[in-house]
Each structure stands twice: as structure tokens, then as C-alpha cells.
There are 2 protein chains.
Amino acid sequence: MARGRPPAHTREQVVDAAIGIADVEGLGAVTMRRIAQDIGAGAMSLYTYVPDKDRLVDLMVDRISGTVPPIAITGDWRTDLLALARSQRTLMRAHPWLPTALPNRRLTGRNTLAYLEQGLAALEPTGLPGSIKMEIVALLTGLVATFVTAEVAGTTPVPEQVALIGEAVASGDFPQLAATLAEGGQGREPDFDRIAGWTITGLVTQALNS
Amino acid sequence: MARGRPPAHTREQVVDAAIGIADVEGLGAVTMRRIAQDIGAGAMSLYTYVPDKDRLVDLMVDRISGTVPPIAITGDWRTDLLALARSQRTLMRAHPWLPTALPNRRLTGRNTLAYLEQGLAALEPTGLPGSIKMEIVALLTGLVATFVTAEVAGTTPVPEQVALIGEAVASGDFPQLAATLAEGGQGREPDFDRIAGWTITGLVTQALNS
DNA sequence: GCAATTATCGTACGTCGTACCAAAAATAGT
DNA sequence: ACTATTTTTGGTACGACGTACGATAATTGC
């Protein structure tokens, strides 16, 4: 029944290899030749499994989205949305290239849709209009991406930025910034649950009151 | 006093040419050869004005940030933060490549710092700790970027996504999504002021109450 | 004039995505 | 068994990219 030369690999193999490279060396290290080398194939053979590189990234996103277990819907939107945000954060921390890959990307598969579905389910008890629910889910995803990006990048202070900020503060043109930096780190450190909780509660309650 | 052969162009000229290309044809169309051609220079001459392409993008971001007039600080954080968010949105709509360029980008210049300064100034009356103020500004920027990205991309429905969603809905596995889509567009359409207002109020009031 | 200095930009290298196509490996029909 | 058909493989090659290198040109200071 299966005519023609049998494939030596699978689409999943290709996508998984790409994800493995991106996880360790970043999305920039993902090239067709590199993937091919990793799975022991010729570069051009990959095009049997994937139409082009852009779609491959779409497939990468959808595939890792499938690795997240669905959240339990309790019926309390606060709890459920926070659980969803948490699982997204876990996913993005495991695959730090994800926030970079997300913008301008099409909805690519059932796993990505499943995420949206869960967001809508979490918001069901609010009785908000569907379009508002969609917005809230999108904004929540953006928030998590912003947070994780800052979280991952924030660990390494770039000396050249320190210099810029230092002389900016010294110039006296940025009094608020100077005061904030002088204040030091005695503020609470970034806490995902707190931030996400604020946003969720803020967005939904404001939406309900308008 | 200025020894050696005089420069035929300026850094601003190079950066502005790059911005012009990006505005019309997207960030992907910005190449060193293309910029050089636009300003009538050899490709390699650009390296007199800019260390490399990555820094050039940094300079692009900082330069357009300088085109935004500073907001008037009224002392009401709600008003001032919304004004800041609005001006950021205006900027991002005028330069749609900006949300794409933002993630993982270093603070590059005084104009970018000035934006941060304004955010801190707007939050001054709240009396929140500096680190919290910083977070709120960062999250607000992320929110605007998310919104504008959706706003700009949302105008063109991709047929291939419609097909995916259609069959997903037909499969019955996504009841919430199906219900939401069936509900149609009778919900209010995305309104930036409303969304930004929710988030600002939500974030700040929750921060104050915790 | 003559060095010293600085900018210009043609050439070239390595890397990328991927178009093209001959070779290889399987089945279906005879 | 053989042939025709179908499908995958992967080598070669093309155009575009960022940019290293270095010869050349244009300016100032002595």
C-alpha cells in the first residue's frame, strides 16, 4: 500500500531535533543543515517532512505546547487562569526561545488551539463576551512572555548597559531613575504569581465592571 | 582639527535609512547592502558609522523613541500611565517592526531611558517601591507590544488558519472555541484605551493592596 | 611636499535557505 | 521476473546575507 521509497525519518524526529538544538543553543543555532546532521540525514531530505523553515518553527511551537498537561478547571477563574499562566511560564522557561518565536506566528496546530481552549474554559464562569475572553487570553500570554524574557535575560548584567545607565544617572537628566536605582533592591523581587495574579484579577474585574 | 578623510555620511543618516526601509518593507528587508544603496554608499562604508547590524537595530529603536514627545505628567497615575501607553502605541503603529525588535534588546540610549524615566515619574504618586514601578513599566510595554502586534496582524485572516480552526471546531474537541466563534463579533471590538486602562488600574491597585 | 590619519568601498569568505535533479528504493501490474 | 510508477534521498549549486581585509582616496599637521 505504501508505494515509493520509504522515509528514513519522521516529521516528529525533525521537529524534536530542532527543539533540542534551540533549547541548548538558541533559536539562532537551528539551521536546516544542523538539524540534518543531528538526525543523520542530508539537508535537503528535511524538506520531505517540513515545507520550509518558517513552518518548522511553527511546528516546534505546537509540538512543545503539546507537552504541557492540561490544567484542571476548577470553575474559579482566578485559580484557573493563574494555573494556566503558571504552566505557560514553566513551558517558556524550559524553552527560552519560545517568547522570541511567538510574535507574528500563526496558530499552527491543535496543541496551540488547546491552550486557547483552556483559557476560554477558565474564563467561562465570568460570562464575559467571547471576544473579550480571547483578548484576555492573548494579553495573558503576552504578559507571561514578557515576564519570562525579563526573567531569563535579567540574570546577566551587561557591562555596557551599566555604563550607559551610570552616565545617564550622573547627568542628572533622569531623576526618577536615579532615585529608583539608589533605592536599591529592598523591594520584593519579581514574583510571578503576584504579578500574574494582579494582572488576571485586574483585567477580569475591570472587564466585569465596565 | 578633524584629520583624515571626512565622512560622507552620518550615523543618523544610516539609522534613518534603515528605519525608512523597515517602516515600509519590514525589518527583514533591512540589510547592510540595501541601506548603503539607499544613501548612496558602499556597503562596507556603513561600518564607519555603526559597529554591526545588531547595534544598528538598537540604534533604530533608540532613535524612533526620541521622536515621541514626552507626556505631560499630571500627577494622576491613571491618566499619566494611559498617556504613556497611548504614545507607545502610536509609536509602534507607525513602526510595526518595533514589537518584533524589542525582545532581548539592550537598553541602548538616552531616548529609551527617557521612556523608562517617564514611566517611573507617572508612578511616583503611588509611592510603590522602585522595583515594582520598574516591573509595571516593563509589563505595560509588553502589553502594548502584544496589543499592537495583534492589531496589526489581525487585519489579514490567513486562509490556512481558517481551515485549521474550522476543522478543529468541527472535530468537537474545542467546545469553548466553537461557542466563542459561534457567538460572532457582537462583542465590543478591541479598544486600546479600555484594555490598557484595565491593566493599568488592575496592576497598580492590586500592587497597592498587597 | 610628505607623513599621518581617517573614510571609502571592491573583493571575497563562510553561512544561510532552498531549487533542482539524478540516483535509490519501494510497490503494482504484467 | 521484469518494467513502470511512485516516493525519498541527498549532492550540487544559486543568490543573499553579515562582514573581514586591504588597497585607494581625501584630508590635516608639520
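Letters A, B, ... are given to chains in the order of the sequence lines, protein chains preceding strands, and every chain is numbered from 1. Note that the structure is a prediction, hence the values are computed from the model and not measured.
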Write down the distance between [atom1] ([X]) and [atom2] ([N]), rounded to a whole number of angstrom.
| X | N | atom1 | atom2 | value |
| --- | --- | --- | --- | --- |
| B:Leu56 | D:dC17 | CG | C1' | 14 Å |
| A:Arg34 | D:dG10 | CZ | P | 18 Å |
| A:Lys53 | D:dC17 | NZ | C1' | 13 Å |
| B:Gln37 | D:dA16 | CD | P | 12 Å |

### Query
In B/S/- notation, 5' to 3', how is nucleotides 21-30 of chain D contacted by protein heavy atoms closer than 4.0 Å?
B---BBBSS-

### Message
Could you work out how much the helix from C:dG1-D:dC30 to C:dT30-D:dA1 bends, comparing the axis of its first five pairs with that of its last five, to 10°?
### Response
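Computed from the C1' atoms at both ends, the axes differ by 20°.
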
### Message
Looking at A:Ser45, I'd like to know whether one of its side-chain N or O atoms comes within less than 4.0 Å of OP1 or OP2 on D:dG10.
### Response
yes

### Query
Are A:Tyr49 and D:dT9 close enough that a side-chain N or O sits under 4.0 Å from OP1 or OP2?
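The answer is yes; a side-chain N or O of A:Tyr49 sits under 4.0 Å from OP1 or OP2.
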
What's the separation between atom [atom1] in [X] and atom [atom2] in [Y], rounded to the nearest 0.5 Å?
| X | Y | atom1 | atom2 | result |
| --- | --- | --- | --- | --- |
| B:Arg11 | B:Asp16 | CZ | CG | 12.5 Å |
| A:Leu143 | A:Thr199 | CG | OG1 | 4.5 Å |
| B:Arg89 | B:Leu82 | CZ | CG | 10.5 Å |
| A:Ile19 | A:Arg63 | CD1 | CZ | 6.5 Å |
| B:Leu98 | B:Leu27 | CG | CG | 9.5 Å |

### Task
Start with the C-alpha gap between A:Asp80 and A:Trp77, add the side-chain angles, then the distance that decides, and say whether side chain to side chain contact (heavy atoms under 4.5 Å, CB included) holds.
CA-CA 5 Å; A:Asp80 294 346; A:Trp77 53 262; 5.7 Å; no

### Task
Indicate yes or no for a side-chain donor-acceptor contact from B:Asp23 to the backbone of B:His95 under 3.5 Å, with no hydrogens or angles considered.
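Side chain of B:Asp23 to backbone of B:His95: no pair is present.
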
#### Entry: Any donor-acceptor N/O pair, A:Tyr47 side chain to A:Asp52 backbone, under 3.5 Å
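Flag not set: sc A:Tyr47 to bb A:Asp52 has no pair under 3.5 Å.
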
Which pairs would a plain distance check flag for residues 64-71 of chain B, meaning a side-chain donor or acceptor within less than 3.5 Å of a matching protein atom at least two apart in sequence or in another chain?
{"from": "B:Ser65", "atom 1": "OG", "to": "B:Val61", "atom 2": "O", "distance (Å)": "2.9"}
{"from": "B:Thr67", "atom 1": "OG1", "to": "B:Ile64", "atom 2": "O", "distance (Å)": "2.5"}

### Query
Of A:Ala41 and B:Asp52, whose nearest nucleotide on DNA chain D comes first from the 5' end?
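Nearer the 5' end of the strand: A:Ala41.
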
### Query
Under 4.0 angstrom, heavy atoms only, what part of the nucleic acid is B:Ala36 near: base, sugar-phosphate, or nothing?
nothing

### Task
Assign A:Ala43 to base, sugar-phosphate, or nothing according to its heavy-atom contacts below 4.0 angstrom with the strands shown.
nothing

### Task
Using a strict cut-off of less than 4.0 Å between a Lys/Arg side-chain nitrogen and an Asp/Glu carboxylate oxygen, indicate whether B:Lys133 and A:Glu183 qualify as a salt bridge.
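Salt bridge: no.
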
### B:Thr141 and B:Leu102, any side-chain heavy atoms less than 4.5 Å apart
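Yes, side chains in contact.
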
### Side-chain heavy atoms of A:Ile35 within contact of A:Lys53, under 4.5 Å
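The answer is no, as the side chains (C-beta and beyond) never meet within the 4.5 Å cut-off.
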
### Message
Which residues in residues 9-31 of chain A have a heavy atom closer than 4.0 Å to any atom of DNA chain C?
### Response
A:Val30, A:Thr31

Could you list the donor-acceptor pairs under 3.5 angstrom formed by side chains in residues 165-176 of chain B, with sequence neighbours left out?
{"from": "B:Ser171", "atom 1": "OG", "to": "B:Ala168", "atom 2": "O", "distance (Å)": "2.6"}
{"from": "B:Ser171", "atom 1": "OG", "to": "B:Asp173", "atom 2": "N", "distance (Å)": "3.2"}
{"from": "B:Asp173", "atom 1": "OD2", "to": "A:Arg110", "atom 2": "NH2", "distance (Å)": "2.5"}

### Message
Quick check for you: name the first and last nucleotides of DNA chain C, 5' to 3', having an atom under 4.0 Å from a heavy atom of chain B.
### Response
C:dA4 to C:dA12

### Query
Are a donor atom and an acceptor atom from the side chains of A:Tyr115 and A:Ser87 found within less than 3.5 Å of each other?
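There is no such pair between these side chains.
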
